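Okay, so here's the structure we're looking at.
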Amino acid sequence: MTNDHLEVDVLDDKAGGKYDAWLGEQPVGLVVYGKTGSRYVLTHAAVLPEYQHHGIGFQLISRTLQDIRAQGGTATIICPVVREFIDRHPEYEDVVDKREPGIRSAA
């Protein structure tokens with residue numbers, strides 16, 4: 001596998017409760033959420049194995065968190081992948097719900 005960067009479109013499938021990463025016509029990753037008011041509960045994140053290590057996870061999770069922030073929402077982190085992402089990119093820590101953060105930072 002190479003570390004080539006692939007650009008994806010990230011779309012919020014509100015009816016399905018997930019953000020999807022699309023490479024052309026193909027879905028290649030997702031972040032699953034539940035929503036209560038303005039709080040998102042991020043339960044699962046994944047990228048298809050053949051598309052891992054191409055920057056798709058970064059784009060998918062960062063755009064999900066940016067979208068939640070832009071809507072004035074917060075996130076409860078249940079997914080360890082999302083928690084690890086925020087640990088590596090602390091600029092997104094402000095999106096984490098203060099009352100119900102979910103998984104706490106390992107740091």
Side-chain angles (χ1 to χ4, degrees):
M1 277 278 168
T2 64
N3 285 322
D4 295 332
H5 182 81
L6 297 173
E7 192 68 32
V8 294
D9 291 316
V10 177
L11 303 173
D12 183 3
D13 175 3
K14 289 179 176 67
K18 59 191 170 87
Y19 280 84
D20 292 307
W22 292 85
L23 186 60
E25 298 286 318
Q26 181 176 2
V28 295
L30 55 77
V31 172
V32 179
Y33 67 84
K35 190 173 180 204
T36 303
S38 63
R39 185 171 59 90
Y40 289 74
V41 179
L42 305 180
T43 60
H44 181 74
V47 173
L48 291 175
E50 61 269 31
Y51 292 100
Q52 293 176 1
H53 310 291
H54 293 283
I56 292 171
F58 174 84
Q59 293 173 75
L60 176 59
I61 296 171
S62 65
R63 290 186 197 171
T64 298
L65 294 170
Q66 288 168 14
D67 195 37
I68 292 169
R69 180 190 286 146
Q71 295 175 41
T74 61
T76 296
I77 312 302
I78 303 302
C79 175
V81 173
V82 176
R83 180 69 256 176
E84 183 179 334
F85 175 89
I86 294 171
D87 287 348
R88 291 184 180 183
H89 303 280
E91 65 269 25
Y92 293 105
E93 190 66 46
D94 67 300
V95 180
V96 177
D97 192 272
K98 302 305 181 232
R99 288 182 162 170
E100 297 185 56
I103 298 173
R104 297 195 185 271
S105 173

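All of these numbers come straight from a predicted model, not from anything done at the bench.
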* With sequence neighbours excluded, tell me which residues meet ring-ring contact (aromatic ring centres under 6.0 Å, His included) with H89. => F58, F85
* Structure fact -> dist D97:CG -> S38:OG (nearest 0.5 Å) comes out at 8.0 Å
* Asked: Does a side-chain N-to-carboxylate-O contact under 4.0 Å join D12 and K14?
  -> yes
* To do: Please name all residues satisfying ring-ring contact (aromatic ring centres under 6.0 Å, His included) with Y40, sequence neighbours left out, ordered by chain then number.
  => Y33
* To do: Taking all non-hydrogen atoms of both residues into account, name the closest pair between H5 and Q59 and its distance.
  => CE1-NE2, 3.5 Å
What donor-acceptor contacts under 3.5 angstrom involve side-chain atoms of residues 20-27, with partners at least two apart or in another chain?
{"from": "D20", "atom 1": "OD1", "to": "K18", "atom 2": "NZ", "distance (Å)": "3.1"}
{"from": "D20", "atom 1": "OD2", "to": "K18", "atom 2": "NZ", "distance (Å)": "2.9"}
{"from": "Q26", "atom 1": "OE1", "to": "Y51", "atom 2": "OH", "distance (Å)": "3.2"}

* Structure fact -> d(D87 CG, R104 CZ) to nearest 0.5 Å is 12.5 Å
* Side-chain heavy atoms under 4.5 angstrom apart, residues restricted to Ile, Leu, Val, Met, Phe, Trp, Tyr: same cluster for L48 and L11? -> no
* To do: Only counting residues at least two apart or in another chain, list the ones meeting side-chain hydrogen bond (donor to acceptor under 3.5 Å, both in side chains) with D67.
  => Y19, Q71
* When hydrophobic residues are tied together by side-chain contacts of less than 4.5 Å, even through go-betweens, does I103 share a cluster with V96? -> no
* With side chains defined as the heavy atoms from C-beta onward, is the minimum distance between I61 and L42 less than 4.5 Å? -> no
* **Contacts of T76 that satisfy side-chain hydrogen bond (donor to acceptor under 3.5 Å, both in side chains) - sequence neighbours left out** => R39
* Asked: In the single-linkage hydrophobic clustering (I, L, V, M, F, W, Y; side-chain heavy atoms under 4.5 Å), do V10 and V81 co-cluster?
  -> yes
* Residues that R88 engages under side-chain hydrogen bond (donor to acceptor under 3.5 Å, both in side chains), provided they are two or more places apart -> E84
* To do: Could you pull out the closest heavy-atom pair between I68 and A75, with the gap in Å?
  => CD1-CB, 4.3 Å
* Asked: Does the side chain of L30 come within less than 4.5 Å of H44's, by heavy atoms?
  -> yes
* Of all heavy-atom pairs between V82 and A45, which one has the smallest distance, and what is that distance? -> CG2-CB, 4.0 Å
